[in-house]
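These numbers come from the heavy atoms of this one structure, side chains and all, not from hydrogens, waters or symmetry mates. From a predicted model like this one, the values you see are computed outputs, not experimental measurements.
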Amino acid sequence: MSTATYAIRDTRTMLRRNLRHVLRYPSMTLLLIGMPVIFLLLFVYVFGGALGSGLDGMSGGLTGRAAYVNYIVPGILIFTLTGVVQGTSVSVAMDMTEGIVARFKTMSIFRASLLAGHVIATMIQALASLAVVVGLALAVGFRPHAGVAGWLGATGMLVLAALALTWLAVAAGMACKTVESASNVLMPLVLLPLLGSGFVPTASMPLVLRWFADYQPFTPIMETLRGLLTGTPIGHNAVIAVGWCVAIVIASYFWARALFNRDPSS
């Protein structure tokens, strides 16, 4: 049996293991999907009428709540991803602290399959969560203007962002000494869509906060999604967004690999 065959077989086994964990704890999955759903309904139906009035000229002629639904959806989609990867960080930390990783290292398995199983399982969970949120957004009034190319571009952007955040979560979970710390280490990611262009235009923010919002990683990602789905200008945001995602993937991958190969006694 070739090395590639071993790698695929062991990765499939680890993927099945992680998907079974997801099915075994459905409350965690419901919580991860429930938070962006609550945020979507809260901002659309409570704040949407007021906030939408400040989006004149930014939503294809729409006004009020209808304009705000189109504006907020990209931020909610990124918010969904940050919630999903928090669960990944906890899952990885559990493996690292309960001794199962040390046992796997003594077995004749493809070493990278453990990390690959976590990554692929999270990607499946993330894409399923995004599909649920998009479906609800359409139900509450989201009206994208994208054609086939726009939807494909937005899907590709979301997949790349999910991959970047997943590898970051895997590395962060491996770096944590306890499961409790892993549940909190990625909490700043949840705030970044709020401190970017996810819920209000950055032009409405004070100067210092606006500078941070414009240059943090999530803003170009959300602006790219907004442009692809609703037709707003994208400018250089797509290139910057892809650059951020690729950089996070590479840095997180090497960080995770270094942590996985470290001496357990260190």
Side-chain angles (χ1 to χ4, degrees), residues 3-4 7-8 10-11 14-15 18 74 77-93 95-96 101 104-105 109-127 129-130 152-177 181-182 185-193 195-198 212-225 228 234-263 266:
T3 302
I8 294 172
D10 293 340
T11 299
M14 292 300 173
L15 172 61
N18 284 283
L77 294 177
I78 297 301
F79 187 76
T80 302
L81 293 181
T82 62
V84 171
V85 299
Q86 279 189 293
T88 302
S89 180
V90 172
S91 179
V92 172
D95 281 351
M96 296 298 293
V101 172
F104 281 148
K105 287 182 177 181
I109 64 173
F110 185 66
R111 289 173 64 88
S113 64
L114 178 62
L115 299 182
H118 278 293
V119 170
I120 299 172
T122 301
M123 293 294 292
I124 292 173
Q125 190 176 15
L127 294 177
S129 299
L130 290 171
L152 289 176
T155 301
M157 186 74 261
L158 286 170
V159 169
L160 186 57
L163 184 63
L165 293 177
T166 297
W167 272 111
L168 180 60
V170 169
M174 297 184 73
C176 291
K177 300 298 183 181
S181 62
V185 69
L186 294 182
M187 189 61 67
L189 291 181
V190 177
L191 299 177
L192 285 182
L195 299 176
S197 64
F212 174 81
D214 283 338
Y215 291 100
Q216 59 120 316
F218 285 168
T219 292
I221 296 174
M222 292 184 291
E223 289 300 315
T224 301
L225 291 173
L228 290 169
I234 296 177
H236 298 294
N237 285 307
V239 175
I240 298 172
V242 171
W244 267 115
C245 291
V246 171
I248 293 171
V249 169
I250 293 173
S252 300
Y253 167 77
F254 283 105
W255 183 23
R257 193 176 72 171
L259 292 171
F260 187 72
N261 292 328
R262 67 186 172 184
D263 186 346
S266 60

Peer 1: Is the closest side-chain heavy-atom distance between Trp167 and Leu115 below 4.5 Å?
Peer 2: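 They are in contact (side-chain heavy atoms under 4.5 Å apart), so the answer is yes.
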Peer 1: Report the distance from atom CD of Gln216 to atom CG of Leu192, rounding to the nearest 0.5 Å.
Peer 2: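 Going from CD on Gln216 over to CG on Leu192, the span is 4.5 Å.
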Peer 1: Hey, are the side chains of Leu163 and Val119 touching, using non-hydrogen atoms and a 4.5 Å cut-off?
Peer 2: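 Of all side-chain heavy-atom pairs linking Val119 with Leu163, at least one is under 4.5 Å.
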Peer 1: Would a 4.5 Å heavy-atom cut-off, applied to side chains only, mark Ile250 and Tyr253 as touching?
Peer 2: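 Heavy-atom side-chain distance check fails, nothing below 4.5 Å.
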Peer 1: For a quick test of reading the model, state the closest non-hydrogen atom pair linking Leu259 to Ala171 and the distance between them.
Peer 2: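 That closest heavy-atom pairing would be CD1-O, 3.3 Å.
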Peer 1: Out of curiosity, Leu160 CG to Ile221 CD1, how far, rounded to the nearest 0.5 Å?
Peer 2: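 That separation rounds to 7.5 Å.
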Peer 1: Quick check: do Leu77 and Leu158 have side-chain heavy atoms less than 4.5 Å from each other?
Peer 2: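 In contact.
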Peer 1: With distance as the sole test, does Ser252 use its side chain to make a donor-acceptor pair with the main-chain N or O of Ile248 at under 3.5 Å?
Peer 2: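 Present.
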Peer 1: Is there a side-chain contact between Leu189 and Phe218 in this structure, where contact means two heavy atoms from C-beta onward sitting under 4.5 Å apart?
Peer 2: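 Yes, their side chains come closer than 4.5 Å.
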Peer 1: How many angstroms lie between atom CG of Leu191 and atom CG of Leu186, to the nearest 0.5 angstrom?
Peer 2: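 Leu191 CG to Leu186 CG: 11.5 Å, rounded to 0.5 Å.
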Peer 1: For residues Asn237 and Glu223, report the shortest heavy-atom separation together with the two atoms involved.
Peer 2: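 What the structure gives for the nearest pair is ND2-CB, 3.6 Å.
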Peer 1: Would you say the side chain of Thr219 lies within less than 4.5 Å of the side chain of Phe212, judging by non-hydrogen atoms?
Peer 2: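 They are not in side-chain contact.
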Peer 1: What I want to check is whether the side chains of Thr166 and Thr122 have a donor and an acceptor closer together than 3.5 Å.
Peer 2: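 No, because no side-chain N or O of Thr166 sits under 3.5 Å from a partner of the opposite role on Thr122.
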Peer 1: Locate the shortest heavy-atom distance separating Met157 from Cys245; write the atom from each residue and the value.
Peer 2: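 Distance-wise, the nearest heavy atoms are CE-SG, 3.8 Å.
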Peer 1: Determine yes or no for a side-chain-to-main-chain donor-acceptor pair under 3.5 angstrom, with Ser89 supplying the side chain and Gln86 the backbone.
Peer 2: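 No.
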Peer 1: Please name the pair of heavy atoms, one in Met174 and one in Val92, separated by the smallest distance, quoted to 0.1 Å.
Peer 2: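 Closest heavy-atom pair between Met174 and Val92: CG-CG1, 3.3 Å.
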Peer 1: Return the minimal non-hydrogen interatomic distance between Leu81 and Ala126, and the atom names on each side.
Peer 2: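 Heavy-atom minimum between the residues: CD2-CB, 3.8 Å.
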Peer 1: Hey, what do you get for CG (Leu165) to OG1 (Thr88), rounding to the nearest 0.5 Å?
Peer 2: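 If we round to the nearest 0.5 Å, Leu165:CG and Thr88:OG1 are 10.0 Å apart.
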Peer 1: What pair of heavy atoms forms the shortest contact from Val85 to Ala169, and how long is it?
Peer 2: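 Val85 and Ala169 have their closest heavy atoms at O-CB, 3.3 Å.
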